[in-house]
Amino acid sequence: MSTKVIQPEELKEILGSEGIKVVEVDYDPSTAYELGHIPGALLIDWKKDLNKYPERDIIDPEGFERLMSRLGISNDDLVILYGDYNNWFAAFALWIFDLYGHENVKILNGGRNKWIDLGYPMTKEVPKISPTNYKVVKVDMTKRATFIDVMKHLRDPNVVLVDVRSPAEYKGEVTAPPEYPNEAAQRGGHIPGAVNIPWAKAVNEDGTLKPLDEIRRLYEELGVTPDKNIIVYCRIGERAAFTYFVLHHLLGYKKIRVYDGSWSEWGNMVGAPIETEV
Amino acid sequence: MMTRNVIDLQRVLEEEDCTKPSIEIFREKLSGFSPGEEILIVTSSADAWFAIRNMGDKFGYEVLRYWKESPTSYKVLVRKL
């Protein structure tokens, strides 16, 4: 497995060590972190902490500096991310760490789900934090694709668009459930030419990652090969970030970008071309 | 096990090809039961299992029992208040 992955049993052994910060990244802390978390874990609330307001965008480098400083994370800390929803939002956070140059970061294999399954300790105690003065020293936006980037490369044989949503979303049968009003789209379907490889194909039933050979075969058989430029998308970018993690950090794909606007942008954009057939 | 009321979260997710969170489905299904009824909740997610065990105060039920049946099957028996 990659050096970017830490197994639950390894984490259990090093909990509380100097220079290691464990961070739970949740879409909904009220049904996750607040009910219990790994002892010593800090919280990143995906909606509040990794997104800008009022405009729709990810946090900028200054926002990332403020977040890291508030959480007491230093530039040289090893950060171990895990979270709810099969680590989707932890993977999104890791992508942001990549954009802002914090390389010493890992994902907990299987996230909250596997930790709980193993019966490892959970606590409601929130750790005391000593704020730091974190500085972003490198920014790399080559891992991000915008709506315009995607439009420019529609039907480009050197670019593979990977739609990691469920087949029903890909076909346009499902857009977003009413519980997610901010993720709604006017239209269903997928970006023309996109290949559908749901994020879940890379994981076992318990949410842990499948063997690398199996994952590599899955993508290569569908034309997602390391020589191509890859753009991954989903509905709001979090499942795409998970597949980005798999392709970039596990399989070593270099030319990969996350289109974080994803379907909640594309499916609302006037004039954006859409396919529904498989 | 005498309980006839069952909320099988995994089956709902599969049958409805749902992108809803398990907890949201649980909350919706739970609202269809009356106070005093016992309900067995079945889930394949350890995370959802943990949440259901700890959300009785918020959603109005008491947890009577919980157990892990297999690595992908977790159960909680609750009584609606």
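In the text below, chain A, chain B and the rest are named by the order of the sequence lines, each starting its count at 1. As the structure is a prediction and not an experimental result, all values here were calculated from the model.
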Quiz item: What is the distance from atom CD of B:Glu24 to atom CG of A:Asp28, rounded to the nearest 0.5 Å?
Solution: 9.0 Å

Exercise. Identify the two heavy atoms, one from B:Met55 and one from A:Ser30, that lie closest to each other, and give their separation to 0.1 Å.
Key: CE-O, 4.3 Å

Self-check item: Within residues 44-52 of chain B, residues adjacent to chain A where the heavy-atom gap is under 4.5 Å
Solution: B:Ser45, B:Ala46, B:Asp47, B:Trp49, B:Phe50, B:Ala51

Quiz prompt | Between NZ on residue B:Lys68 and CD1 on residue A:Ile116, distance to nearest 0.5 Å | solution = 11.0 Å

Quiz item: Which atom pair, heavy atoms only, marks the closest approach of B:Asn54 to A:Leu35?
Solution: O-CD2, 3.6 Å

Quiz item: In terms of heavy-atom contacts, does CZ of B:Phe33 have more than 12 from other residues, nucleotides or ligands at under 6.0 Å?
Solution: yes

Quiz item: If you count the non-hydrogen atoms of other residues, nucleotides and ligands that lie under 6.0 Å from CD in A:Glu9, is the total more than 12?
Solution: yes

Practice problem: Could you tell me whether A:Arg56 atom CZ has more than 12 heavy atoms of other residues or ligands within 6.0 Å of it? | Solution: yes

Self-check item: Side chain / backbone / both / neither for A:Asn86 at chain B, heavy atoms under 4.5 Å
Solution: neither

